[in-house]
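As the structure is a prediction and not an experimental result, all values here were calculated from the model. Below, all heavy atoms of this structure are taken into account, side chains as well, without hydrogens, waters or symmetry copies.
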Amino acid sequence: MIELREVCLVRRTREEYSDDLKARVLALASGRYRKPRSKAVLEDITLSIGAGEKVALIGANGAGKSTLLKLIAGILTPSTGTIAVSGRVAALIELGAGFDAELTVADNIIRYGVLLGLDRRTIETRVDGILRFAELEEYRRYPVRALSSGMLARLGFAIVTDTDADILLVDEALAVGDESFRTKSRARIDELWRAATTVVIVSHDLSVVRATCSRTIWVDKGQIAAAGKTADIIDRYLRSVDRAAIEALISAGVRDK
Amino acid sequence: MKPLVHRNRHLFDVIAVLFSQTIKTRYRGSVLGVLWSAANPMLMAVVYAAIFSHQFARYYGSVLQYGVAVYIGLALIGFFLSSTTQATTSIVQAGGLLNKIRIPFEAFPISTVAAFGFQQVVGTVPVLVVLSLLNNHNVLHVILLVVPLAGLAMLTFGIALFLSAADVYFRDIPYVYDLATFMLFITTPVFYPAAFLQPTVLQVISFNPLFPIIESARRLVLSADLPDLSMFALSIGEGAAVLVLGYVAFRAMQPKFMDLV
């Protein structure tokens with residue numbers, strides 16, 4: 001169950017990122033200090049997603065879909081408004097972000113699992129299963145830096161999808177690895193899908209959205225432009241996108257990043 | 001209530017994992033690394049004793065006593081300085097991770113300090129215990145060492161929390177703190193005795209929270225008398241105050257972290 005009520009998120013603009021103390025003191029002393037500019041990234045988002053629902057977020061790049069996902073994941077907190085999420089959340093946002101290159105594969109499984117919110121004992125008992133699923137059993141004692149990027153993706157996927165999530169948040173690229181692993185990861189996703197897990201995906205792949213999500217939310221310029229049955233919303237979304245862009249999307253296999 | 005318990009369990013697990021893995025990568029399973037951390041201040045103490053003992057040894061009775069006093073000072077302030085320095089950048093360095101996974105921010109400075117603390121507990125504390133027993137043959141002194149060490153731990157955690165949060169706001173904090181560490185080192189009676197100072201200077205310096213901590217530890221190891229109660233009270237009191245203030249400041253700065261990392 002996910003419930004957002006009148007959620008707004010205001011973030012500082014990027015130019016303020018390299019702030020330093022000496023410059024700030026000087027600016028204050030000379031009276032030239034200006035408050036950092038900030039920008040509303042999301043405005044007045046109200047939505048509710050029931051347990052077991054599969055919902056897609058679609059929209060143009062920079063519309064705020066991923067940011068919305070991060071709010072639901074609890075990575076970001078709203079500036080105003082309330083968010084209530086009940087159940088364990090697993091966010092498949094950039095698999096493997098939690099790895100430490102120097103540690104062994106086994107240690108990294110425990111590390112990543114705990115960072116994702118599993119308790120230590122639980123993840124310790126799952127190390128073998130995760131290694132088996134990722135087909136990395138013989139790499140158990142290797143440092144993670146010795147793995148190829150494909151292996152890393154497999155490992156990340158195997159861990160994240162084994163964290164007993166009630167709510168799965170997926171940002172793009174669902175399938176990872178080579179063809180055989182793709183089939184396997186697809187199968188595990190399907191399993192999670194069926195296991196009454198609530199799923200929210202962000203995707204540009206409208207065919208995937210059509211095939212997997214019953215409800216779709218169209219995010220545009222930080223606001224919800226429309227929400228409802230997937231087919232209707234995709235229709236409206238596509239109509240709003242200019243004709244030439246559609247042609248380009250279709251010819252590129254409706255896949256961009 | 002339940003989310004609070006869950007949050008604390010998660011925080012504890014994350015700290016435990018970061019702590020044990022920091023130690024794993026730092027020592028790569030070798031005892032030598034830990035021994036080195038104990039030997040380092042000893043070697044430095046030998047150098048200080050060689051240079052300054054003709055001036056300062058008489059305050060302590062002998063060159064050896066002076067050397068031990070310097071060792072204690074260096075070991076304690078060394079722990080404080082290296083762990084706070086490393087903790088300063090701990091949150092900013094974890095920025096990439098924090099943008100992908102929801103992790104309690106305080107886990108990073110806390111686990112950094114804890115890893116250095118482990119080094120002290122394994123490397124320095126046994127040396128202090130042995131030295132104290134050799135000097136005083138009194139177990140009470142050894143037990144009371146807990147007081148300055150607890151004060152030091154609280155002080156270090158408090159400063160580490162504050163600096164790691166401040167670093168998110170101002171990225172030049174490490175440079176500013178670099179200067180501050182030098183000033184702190186010079187204004188703490190580490191290689192010179194407090195009695196050597198002019199009374200007015202001493203008055204100012206006694207505000208330094210490291211001062212009562214190092215002095216109490218020295219007395220417990222070197223002298224047959226117990227330290228003044230006021231020294232004990234200051235060690236614990238100032239440590240606790242800094243810890244509370246550091247944590248409060250951390251919590252106050254925390255809401256903006258994700259805007260800035």
Relative to chain B, which of A/Ala23, A/Gly74, A/Ala73, A/Ala91 shows the most heavy atom pairs under 4.5 Å?
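Heavy-atom pairs under 4.5 Å are most numerous for A/Gly74.
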Interchain contact, [X] with chain B, by part (heavy-atom threshold 4.5 Å):
X        : answer
A/Val10  : backbone
A/Lys70  : side chain
A/Leu118 : backbone

Could you tabulate the donor-acceptor pairs under 3.5 Å formed by side-chain atoms of residues 126-133 of chain A, not counting sequence neighbours?
residue	atom	partner	partner atom	Å
A/Arg126	NH1	A/Asp162	O	2.7
A/Arg126	NH1	A/Asp164	OD1	3.1
A/Arg126	NH1	A/Asp164	OD2	3.4
A/Arg126	NH2	A/Asp164	OD1	3.2
A/Arg126	NH2	A/Asp164	OD2	2.9
A/Asp128	OD1	A/Arg140	NH2	2.1

May I have the list of side-chain donor-acceptor pairs in residues 242-255 of chain B shorter than 3.5 Å, sequence neighbours left out?
residue	atom	partner	partner atom	Å
B/Tyr247	OH	B/Arg251	NH1	2.9

Per-residue contact mode, [X] against chain A (heavy atom under 4.5 angstrom):
X        : answer
B/Leu98  : backbone
B/Val14  : both
B/Ile101 : both
B/Ala16  : both

Are B/Leu210 and B/Leu155 side-chain neighbours, meaning at least one heavy-atom pair lies under 4.5 Å?
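Yes, side chains in contact.
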How long is the span from the [atom1] atom in [X] to the [atom2] atom in [Y], to the nearest 0.5 Å?
X        : Y       : atom1 : atom2 : answer
B/Tyr175 : A/Asp20 : OH    : CG    : 9.5 Å
B/Ile15  : B/Ser20 : CD1   : OG    : 12.0 Å
B/Gln86  : B/Ser83 : CD    : OG    : 8.5 Å

I want to know whether B/Phe116 and B/Phe79 have ring centres closer than 6.0 Å.
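B/Phe116 vs B/Phe79: aromatic centres not under 6.0 Å.
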Selection from B/Val176, B/Thr25, B/Asn99, B/Ile173 maximising heavy-atom pairs under 4.5 Å formed with chain A
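Ranked by contacts with chain A, first place is B/Asn99.
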